[in-house]
Amino acid sequence: MHKSGFIAIVGKPNVGKSTLLNALIGQKVAIMSPKPQTTRHRITGVLSADDYQMIFVDTPGMHKGRDLLNKAIDKVAVSSLKDVDMVLFVVDRMKTAAEDFIISYFKGLKKPIFLVVNKIDELDGNKGIDEIIMSYLGTYDFDAYFPVSAKDLTHIDKIKESLIKYLPEGPKYFPPEMKSDQSQTMMMSELIREKILYYTEQEIPHAVAVVIESIYHNEEHGQVDVSALIVVERPTQKQILIGRGGDKIKHIGTEARKEINRILDTKIHLTIWVKVKKDWRNRPSDLKAFGFGE
Ligand SMILES: Nc1nc2c(ncn2[C@@H]2O[C@H](COP(=O)(O)OP(=O)(O)OP(=O)(O)O)[C@@H](O)[C@H]2O)c(=O)[nH]1
Ligand SMILES: [Mg+2]
């Protein structure tokens, strides 16, 4: 009998959902960063074996967002909850109002929901783990509890072993060699955004959108010429992103190019442009153009 199913990974921003997805798949399919609200789209990671297939759905961190971009992003996680067979609810601390807000969406879902306590490498042994798990008891009847470290790959296999038992009978939805449903173009723009998240501060990480404008297979040089556009909201953000003498954007470009070459196993030449689009996060037409919302 072949088993398969869709499993959503949900939780607050920055708890390590994307790191967990990559750990479960054994390959980087989702970008990760120390800044909250890194993930903006639903990202699928596929884990295939002879007799099962698990399709993990990484979602943006759930919180009460204010601008139109955040409202569109929040919808992704909420709608994913409805579409899947099971849910991994990732937390990294004791329960507060922010976690209660997410748990309120679980009521009436009628599907297995598991509590994943991530970042146990930062805790003071089992005592810390127990305290966190205890704080969730009584709020929701979770089907199992998994203390893990997605960063150190601790107990990741335990999650997989358990999920196999809950998987319903089903087909292989994806070819076994496929690890993600993300296109190469999407992966490239995400990796560029990841470097911006790492190398900029304050409002800049959240004010950018990255669009791949063209990809050209340059036979003459045996490389792929990629042209990317970074959109920001204000001229001051453009200045900061470009940096003194173009230092900052050069560094971001170099780091992004190196990782794209490695992950996609292609030699790319990357050209980056920065453009100001005033208040794009609150303009429905811009949001649509950059791949958000309906
Ligand atoms: N110490 C520790 N840090 C972790 C672990 N897992 C993730 N992190 C860190 O937590 C930060 C956030 O990780 P992400 O995977 O981007 O978190 P996320 O939940 O996907 O965040 P959003 O997409 O913004 O909702 C990064 O700096 C990770 O390196 C872990 O097991 N231990
Ligand atoms: Mg994420």
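Positions are given from 1, in the same order as the sequence printed here. Atoms within a ligand are numbered from 1 in the order they appear, just like the ligands themselves.
Atom 16 (O) of ligand 1 is flagged as protein-proximal [any protein heavy atom, distance under 4.0 Å].
At the shortest separation from atom 8 (N) of ligand 1 among protein heavy atoms lies Lys119 CE, 3.8 Å. In terms of protein heavy-atom proximity, atom 6 (N) of ligand 1 is nearest to Asn118 ND2, 3.2 Å. The protein non-hydrogen atom at the shortest distance from atom 27 (O) of ligand 1 is Pro34 CA, 3.4 Å. Ranking the protein heavy atoms by distance from atom 28 (C) of ligand 1 puts Thr19 OG1, 4.0 Å first. The protein heavy-atom contact nearest to atom 21 (O) of ligand 1 is Asn14 N, 3.0 Å. The nearest protein atom to atom 1 (N) of ligand 1, hydrogens excluded, is given as Asp121 OD2, 2.8 Å; this is a heavy-atom distance.
Atom NE2 of His2 sits in a crowded spot, with more than 12 heavy atoms from other residues, nucleotides or ligands closer than 6.0 Å. By the neighbour-count criterion of 12 heavy atoms within 6.0 Å, atom CE of Met178 is densely surrounded, having more than that number from other residues, nucleotides or ligands. Counting non-hydrogen atoms of other residues, nucleotides and ligands closer than 6.0 Å to NZ of Lys277 gives a total of 12 or fewer. Heavy atoms of other residues, nucleotides or ligands lying less than 6.0 angstrom from CG of Asp83 number more than 12. Atom NZ of Lys172 has more than 12 neighbouring heavy atoms from other residues, nucleotides or ligands inside a 6.0 Å radius.
Each of Tyr173, Phe56, Tyr166 was scored for a ring-ring contact (aromatic ring centres under 6.0 Å, His included) with Phe6, with one residue passing: Tyr173. For the side-chain hydrogen bond (donor to acceptor under 3.5 Å, both in side chains) criterion with Ser33, the lone passing option out of Asn14, Thr38, Thr19 is Thr38.
Of the heavy atoms in Asp58, none comes closer than 4.0 Å to ligand 1. Contacts of Met32 with ligand 1, taken as heavy-atom pairs under 4.0 Å, involve both backbone and side chain. Contacts with ligand 1 closer than 4.0 Å are made by no heavy atom of Ala30, backbone or side chain.
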**Request:** Apply side-chain contact (heavy atoms from CB on, under 4.5 Å) to the pair Leu81 and Phe106, showing each step before the final yes or no.
**Result:** CA-CA 8 Å; Leu81 280 173; Phe106 298 161; 3.9 Å; yes
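Heavy-atom contacts of Gln37 reach the following atoms of ligand 1: 24 (O) (cutoff under 4.0 Å). Counting the atoms of ligand 1 from 1 in the order shown, those under 4.0 Å from a heavy atom of Glu122 are 1 (N). Those atoms of ligand 1 that come under 4.0 Å of a heavy atom in Thr38, given as number and element, are 22 (P), 23 (O), 24 (O). Interface of Lys17 with ligand 1, defined as ligand atoms under 4.0 Å from a residue heavy atom, comprises 15 (O), 17 (O), 18 (P), 19 (O), 20 (O), 21 (O), 22 (P), 25 (O).
Residue Ser33 holds the heavy atom nearest to atom 11 (C) of ligand 1 of all those in Pro60, Gly16, Ser149, Ser33.
Among the atoms of Gly61, some N or O lies under 3.5 angstrom from an N or O of ligand 1. Checked by distance only, ligand 1 and Thr59 stay at 3.5 Å or farther apart across all their nitrogen or oxygen atoms. At under 3.5 Å, not a single nitrogen or oxygen of Asp152, backbone or side chain, sits near a nitrogen or oxygen of ligand 1. For Ala150, a nitrogen or oxygen atom sits less than 3.5 Å from a nitrogen or oxygen atom of ligand 1, counting backbone and side chain alike.
None of the N, O or S atoms belonging to Thr19 lies under 2.8 Å away from the Mg ion (ligand 2). Among the backbone and side-chain atoms of Thr59, no N/O/S atom is found under 2.8 Å from the Mg ion (ligand 2).
For the ligand labelled ligand 1, residue Pro36 lies inside the 4.0 Å heavy-atom shell.
For the pair Pro112 and Asp85, the tightest heavy-atom approach, listed with the atom from each and the gap, is CD-O, 3.5 Å.
Taking the six-membered ring where the residue is Trp, Tyr199 and His251 present perpendicular rings, their angle passing 60° and hence far from 30°.
For the pair Val148/Lys158, no side-chain contact is recorded, criterion being any heavy-atom separation below 4.5 Å from C-beta on.
Ionic pairing of Arg193 and Glu190 is present here: one or more N-O contacts between side-chain nitrogen and carboxylate oxygen are shorter than 4.0 angstrom. A salt bridge is absent between Glu213 and Lys275: the closest approach of a Lys/Arg side-chain nitrogen to an acidic carboxylate oxygen does not fall below 4.0 angstrom.
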